[in-house]
2 protein chains.
Amino acid sequence: MPSLNAPHTSERHPFQRLQSQLADLIALTPAGDRLPTEPELARRMGVSRATLREAMRTFEGQGLIRRRQGVGTFVVSHNHVIESGLEVLQSIESLAAKIGLEVTLGTLQVMRLSANQDQAAILSVPEGTPLLEVSRVIQAEDRPVAYLIDLLPEEFLTLDDLQDGFTGSVIDFLLRRGSPPLVNSLTEIHAVAASSEIARALEIQRGDVLLMFTARLFSGEGQVVDYSYSYFLPGYFRFHVVRRVG
Amino acid sequence: MPSLNAPHTSERHPFQRLQSQLADLIALTPAGDRLPTEPELARRMGVSRATLREAMRTFEGQGLIRRRQGVGTFVVSHNHVIESGLEVLQSIESLAAKIGLEVTLGTLQVMRLSANQDQAAILSVPEGTPLLEVSRVIQAEDRPVAYLIDLLPEEFLTLDDLQDGFTGSVIDFLLRRGSPPLVNSLTEIHAVAASSEIARALEIQRGDVLLMFTARLFSGEGQVVDYSYSYFLPGYFRFHVVRRVG
DNA sequence: CAGTGGTCTAGACCACACG
DNA sequence: GTGTGGTCTAGACCACTGA
C-alpha cells in the first residue's frame with residue numbers, strides 16, 4: 001500500500017482512539033493473561049506495528065502490562081504498592097516488610113574501585129581512595145521493581161563485611177553495625193528515561209520513565225558515608241512528603 | 001538497500017556509539033546554535049532517521065537540546081536550575097524569585113466545573129460541588145518548564161477573585177488573602193511520560209519523561225482546600241529532601 | 001512558498017524463550 | 001525450531017515556521 005496516506009482524517013485524535021481501544025482490551029483481559037501478538041494487534045487495530053508499540057509504551061509505563069521478549073505481552077495482576085513518606089530514611093526491605101510485601105534480592109554485584117574525580121568530589125575523599133560499589137535489583141511479585149547502587153569508601157564497608165549475613169541493603173547493614181553513626185540523608189528527586197543498561201536490569205525498555213533518587217548519607221560529623229542512586233519503576237512505589245506552609 | 005542487514009556486527013554497542021557521537025557533536029556546538037537537520041545527521045551517522053531520533057530523545061530529556069517543529073534542533077544554553085527543598089511548600093514563582101530567576105506566566109486557563117465522582121472524593125466535597133480549575137504554564141528563559149493545575153471548590157476561590165492582581169499562583173493568592181488558613185500539603189511524587197496534551201503545552205514530545213507532583217493542600221481544620229498536579233521538565237528543577245535516619 | 005521536525009507505514013532482521 | 005518482542009530501515013505524508 002504505497003502512499004495515499006491520509007489514514008486519520010476521519011478522526012480528531014486517532015492516536016488517542018488507539019490508546020483507548022487498547023485500554024479497553026487490557027481492562028477486559030484477565031490479569032496474568034497474554035495479549036495477542038503485536039503483529040496481530042496491529043492488524044486488528046489497523047495501524048503499523050511501530051505505531052502500536054508507541055501506544056503500548058503508555059501502559060507499560062503505568063505498570064498495566066509487561067512485555068517479555070520471546071514470550072509475549074501480559075496483563076499485570078494488580079500489585080501491591082510500596083508507600084512511604086520521605087521524611088525518614090529506610091531501606092526498601094524494611095518498607096516492604098512493614099506492609100507485609102515480600103521482596104527478594106535480584107542480582108547483587110559488588111565491585112571494588114578507585115575513586116575518580118567525580119566520585120571523589122561527591123564523597124569528599126581524595127582521588128584514588130578505594131571504594132566499594134554495591135548494586136542490586138529488588139524484586140517484588142516476581143519482577144524487578146527497583147535498581148539501587150551504593151558507593152562508599154572501603155573505610156566504611158569492605159568486601160569482607162558482606163560475607164556475613166548481608167541482606168542486600170547497605171543502610172540496614174550500617175545501622176545494624178552501629179558505626180559509623182548515621183544522622184541523615186540529603187536526597188534529590190529526579191525523573192529519568194531508562195538507559196539501555198538500566199532497562200536491561202529492570203526488564204523494561206530503553207526510554208521508559210523511572211523515578212530516580214540520588215542521596216548522600218551523612219554521619220554525625222557531617223562526613224559523607226555513602227552515595228547512592230536508586231531507580232524505581234512507576235506503579236510499584238508511592239512516595240510522599242508532607243510540606244509545611246511557609 | 002534491501003535486506004542484507006547486519007549493520008552493527010562490527011560494534012559491540014552501536015546505539016551507544018551513536019549516542020556518544022551525538023553527545024560530542026552537541027558538546028562542540030555553541031549554545032544556541034542549530035544542529036544539522038535530521039535527514040542530514042542520519043546520513044552522516046549512517047543510520048535511519050528513526051534511529052537517530054530515538055537517540056536524540058535522550059538528550060532532549062536531559063534538557064541539552066530543544067527540537068522545534070518547523071524550525072530546527074538547537075543546543076540549549078546552559079540554564080539556571082530552580083533548586084528547592086520539599087519541606088516547605090512554596091510557589092514556583094517565589095522559588096524563582098529567591099534565586100533571582102525570572103519566570104513568566106505562559107498560557108493561563110481558568111474553568112468552572114462541577115465535581116465528578118473522583119474530584120469529589122479527592123476534595124472531600126459532595127458530587128456536583130462547583131469547582132474552579134486553574135491551569136497554567138510557567139516559562140523560564142523563554143521556554144515552558146512546568147505545567148501546573150489547581151482544582152479547588154469555588155468556596156475558596158472564584159473567578160472574581162482572579163480579576164484583581166492574580167499572578168498565576170493559587171497558593172500565593174490564598175496566602176496573601178490569609179483565608180482559609182493553610183497548614184500543610186501532602187505531596188506525592190511520581191515520574192510520568194508526557195501525554196499528547198501535556199507535551200503540547202510544554203513544547204516537548206509525547207512520551208518524554210516528566211517529574212510529577214500531586215498535592216492536597218489542607219486547612220487548619222483538616223479540610224482539603226486545593227488539589228493540584230504539577231509537571232516539571234527535567235533539567236530545570238532540582239528538588240531535594242532531608243531524610244532522618246530512622 | 002520551501003524547509004523543518006512529527007508521525008506513520010511496510011518490511012526486514014535480531015535477540016530471546018521455550019519446547 | 002518456532003514464535004515472541006526489540007530494533008532498524010527507507011520512504012512517505014503531515015503540521016508547523018518563517019521568509
Side-chain angles (χ1 to χ4, degrees), chain A residues 1-19 33-43 45-60 65-75 194-197 199-200 202-208, chain B residues 1-19 33-43 45-60 65-75 194-197 199-200 202-208:
Chain A
M1 196 195 298
S3 269
L4 243 193
N5 228 349
H8 296 318
T9 38
S10 63
E11 276 287 334
R12 266 186 78 82
H13 296 297
F15 185 86
Q16 288 176 16
R17 197 173 68 92
L18 172 61
Q19 283 194 326
D33 277 25
R34 205 182 71 175
L35 293 177
T37 68
E38 293 188 349
E40 162 66 16
L41 263 184
R43 190 194 56 72
M45 305 289 193
V47 298
S48 77
R49 204 180 140 209
T51 303
L52 175 82
R53 283 174 56 75
E54 182 75 5
M56 297 279 256
R57 287 184 78 150
T58 319
F59 301 103
E60 193 176 22
I65 60 173
R66 179 176 182 194
R67 290 144 96 178
R68 298 173 61 187
Q69 186 172 355
V71 185
T73 301
F74 298 82
V75 175
S195 68
S196 306
E197 190 195 352
R200 194 182 189 79
L202 290 178
E203 296 176 15
I204 57 176
Q205 270 55 67
R206 159 163 50 81
D208 281 0
Chain B
M1 197 197 296
S3 263
L4 242 194
N5 227 348
H8 296 320
T9 39
S10 65
E11 276 287 334
R12 265 186 78 82
H13 295 296
F15 185 86
Q16 287 176 17
R17 196 172 70 91
L18 172 61
Q19 282 195 325
D33 278 24
R34 206 183 72 175
L35 293 177
T37 69
E38 295 187 348
E40 163 66 15
L41 262 184
R43 192 194 56 72
M45 304 290 194
V47 298
S48 75
R49 201 178 144 213
T51 303
L52 175 83
R53 283 173 57 74
E54 183 74 7
M56 297 277 258
R57 285 185 79 147
T58 319
F59 301 104
E60 193 175 22
I65 60 173
R66 179 177 183 193
R67 290 143 97 176
R68 298 174 61 187
Q69 186 173 355
V71 187
T73 301
F74 298 83
V75 176
S195 68
S196 306
E197 190 195 352
R200 193 182 188 79
L202 290 178
E203 296 175 15
I204 57 177
Q205 269 54 65
R206 159 163 51 81
D208 281 0

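Chain letters run A, B, ... following the sequence lines, proteins first, then strands; residues in each count from 1. Predicted model, so just to flag it, every value in this text is computed and none were measured.
- With sequence neighbours left out, the side chain to side chain donor-acceptor pair (under 3.5 Å) criterion links A:R43 to A:E40.
- In this structure, A:M45 atom CE and C:dC8 atom C1' are separated by 17 Å, rounded to whole Å.
- Atom pair A:R34:CZ and D:dG3:P shows a separation of 11 Å (rounding to whole Å applied).
- Following rounding to the nearest Å, A:E54 (CD) and C:dT9 (P) show an atom-to-atom distance of 11 Å.
- With values rounded to the nearest 0.5 angstrom, A:R34 atom CZ is found 6.0 Å from A:F74 atom CZ.
- In this view, A:R57 satisfies the side chain to side chain donor-acceptor pair (under 3.5 Å) rule with no residue, not counting sequence neighbours.
- Every residue two or more places apart in sequence or in another chain that forms a side chain to side chain contact (heavy atoms under 4.5 Å, CB included) with A:E60 is listed here: A:I65, A:R67, A:Q205, A:D208.
- Rounded to whole Å, the distance from CZ on B:R49 to P on D:dG11 is 13 Å.
- Residue B:R43 contributes atom CZ, which lies 17 Å from atom C1' of C:dT4 at whole-angstrom precision.
- The phosphate of D:dG6 (OP1 or OP2) has a side-chain N or O of A:R67 nearer than 4.0 angstrom.
- For the residue pair A:T73 / A:E38, no side-chain donor-acceptor distance below 3.5 Å is found, with atom types taken as modelled.
- For B:Q205, the side-chain atoms get nearest to C:dT7 when compared with the rest of D:dG5, C:dC8, C:dT7.
- Taking atom CZ of residue A:R66 and atom P of nucleotide D:dG6, one finds them 11 Å apart after rounding to whole Å.
- Counting only heavy atoms from C-beta on, B:A50 has its side chain closest to D:dT9 among C:dG5, D:dG5, D:dT9.
- What separates CZ of B:R57 from C1' of C:dT7 is a distance of 12 Å, to the nearest Å.
- At the phosphate of C:dG6, OP1 or OP2 sits under 4.0 Å from a side-chain N or O atom of B:R53.
- Residues satisfying the salt bridge (charged side-chain N to carboxylate O under 4.0 Å, His left out) criterion with B:R206, sequence neighbours excluded, are A:E54.
- Residues that satisfy the side chain to side chain donor-acceptor pair (under 3.5 Å) test with A:T51, not counting sequence neighbours, are A:S48.
- Checking the phosphate oxygens (OP1, OP2) of D:dG11, no side-chain nitrogen or oxygen of B:S48 falls inside 4.0 Å.
- For D:dG5, the OP1/OP2 oxygens have a side-chain nitrogen or oxygen of A:T73 closer than 4.0 Å.
- Taking atom CD on B:E38 and atom C1' on D:dG11, their separation rounds to 15 Å, with Å as the unit.
- For the pair B:R206 and B:T37, both in contact range of DNA chain C, the more 5′-proximal nearest nucleotide belongs to B:T37.
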Give every pair of a protein N or O atom and an N or O atom of nucleotides 16-19 of chain D that lie under 3.5 Å apart, one pair per line with the distance.
| from | atom 1 | to | atom 2 | distance (Å) |
| --- | --- | --- | --- | --- |
| D:dC16 | OP1 | B:R200 | NH2 | 3.4 |

